[in-house]
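I'd like to ask you about the structure that follows.
The first residue in the sequence is number 1, and the count goes up from there. Because the structure is predicted, anything quoted here is derived from the model rather than measured.
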Amino acid sequence: MRLTSEFFVSATIRRAELGGAFAALRRRGSAQSGTVFVVVDRLDGTCILFGPAPQSLYEGGDSERAFTRLHKDEAVARDEVEARLEKEIRFDPDIWIVEIEARDGQAFLDRIL
């Protein structure tokens, strides 16, 4: 059984805070099934944006959420991340956005593909 988006986001924020990072909910989406995006602000003017991994990367119908970095470079400028998020919101207004401040780029996500 897959966790609701609301529960998953709450757990991710809590995990980040327990790990010593600051985390906040920037945008609340659909409680049951909204797509989750995670922005990691490295506090140096760059960010890392994680979004859902393509389902073709999942093995055996696993219901666990998996994420992938949505850009080629290790980190990108804040403007690039914001432009991508605006595009995602236009496509699906029910998305969730979690922001984590972590100099080391830690996203506090279990599965990154």
### With Asp110 via side-chain hydrogen bond (donor to acceptor under 3.5 Å, both in side chains) - residues at least two apart
Arg15
### Query
Listed by chain and number, what are the side chain to side chain contact (heavy atoms under 4.5 Å, CB included) partners of Asp73, not counting sequence neighbours?
Val76
#### Entry: Nearest non-hydrogen partners of Gln106 and Ala102, listed with the distance
O-CB, 3.8 Å
### Message
Do Ile97 and Phe108 land in one hydrophobic cluster if side-chain heavy atoms of ILVMFWY residues count as linked below 4.5 Å?
### Response
no
### Query
Same hydrophobic cluster for Ile95 and Leu49, using side-chain heavy-atom links shorter than 4.5 Å among ILVMFWY?
yes
### Task
State the CG-CZ distance between Leu109 and Phe50, to the nearest 0.5 angstrom.
6.5 Å
#### Entry: Side-chain cluster (under 4.5 Å, hydrophobic types only) that Leu43 belongs to, other residues
none
#### Entry: Sidechain-backbone polar pair: Thr68 side chain, Leu113 backbone, donor-acceptor under 3.5 Å
yes
### Summary
Here the ring-ring contact (aromatic ring centres under 6.0 Å, His included) pairs for residues 6-46, sequence neighbours left out, are Phe8-Phe67
### Query
At their closest point, which heavy atom of Ser33 faces which heavy atom of Ser5, and how far apart are they?
C-OG, 3.4 Å
## Note on the structure
Note: Ala107 and Thr12 closest approach over all heavy atoms is O-CG2, 4.5 Å
### Query
Leu25, Val36: one ILVMFWY side-chain cluster at the under-4.5 Å cut-off?
yes
#### Entry: With sequence neighbours excluded, residues passing side-chain hydrogen bond (donor to acceptor under 3.5 Å, both in side chains) with Arg42
none
### Task
Kindly write out the residues that satisfy side-chain hydrogen bond (donor to acceptor under 3.5 Å, both in side chains) with Arg103, not counting sequence neighbours, or none if the list is empty.
none
#### Entry: Within 6.0 angstrom of Arg26 CZ, more than 12 heavy atoms from elsewhere
yes
### Query
Is there a donor-acceptor pair closer than 3.5 Å between any side-chain N or O of Arg65 and the backbone N or O of Leu3?
yes
### Message
Side-chain heavy atoms nearer than 4.5 Å, only ILVMFWY residues, links allowed to pass through others: does that put Trp96 and Val39 together?
### Response
no
### Query
salt bridge (charged side-chain N to carboxylate O under 4.0 Å, His left out) with Glu6: which residues, sequence neighbours excluded?
Arg28
### Query
Who passes salt bridge (charged side-chain N to carboxylate O under 4.0 Å, His left out) against Arg84, sequence neighbours left out?
Glu88
### Message
I'd like to know if Val81 and Val9 are part of one continuous hydrophobic network [Ile/Leu/Val/Met/Phe/Trp/Tyr, side-chain heavy atoms within less than 4.5 Å].
### Response
no
### Task
Sequence neighbours left out, what passes side-chain hydrogen bond (donor to acceptor under 3.5 Å, both in side chains) with Asp44? Give chain and number order.
Thr46
### Task
Applying side-chain contact (heavy atoms from CB on, under 4.5 Å) between Ile13 and each of Ile100, Val98, Leu18, report the one that passes.
Val98
#### Entry: Partners meeting salt bridge (charged side-chain N to carboxylate O under 4.0 Å, His left out) with Arg78 (sequence neighbours left out)
Asp41, Glu82, Glu99
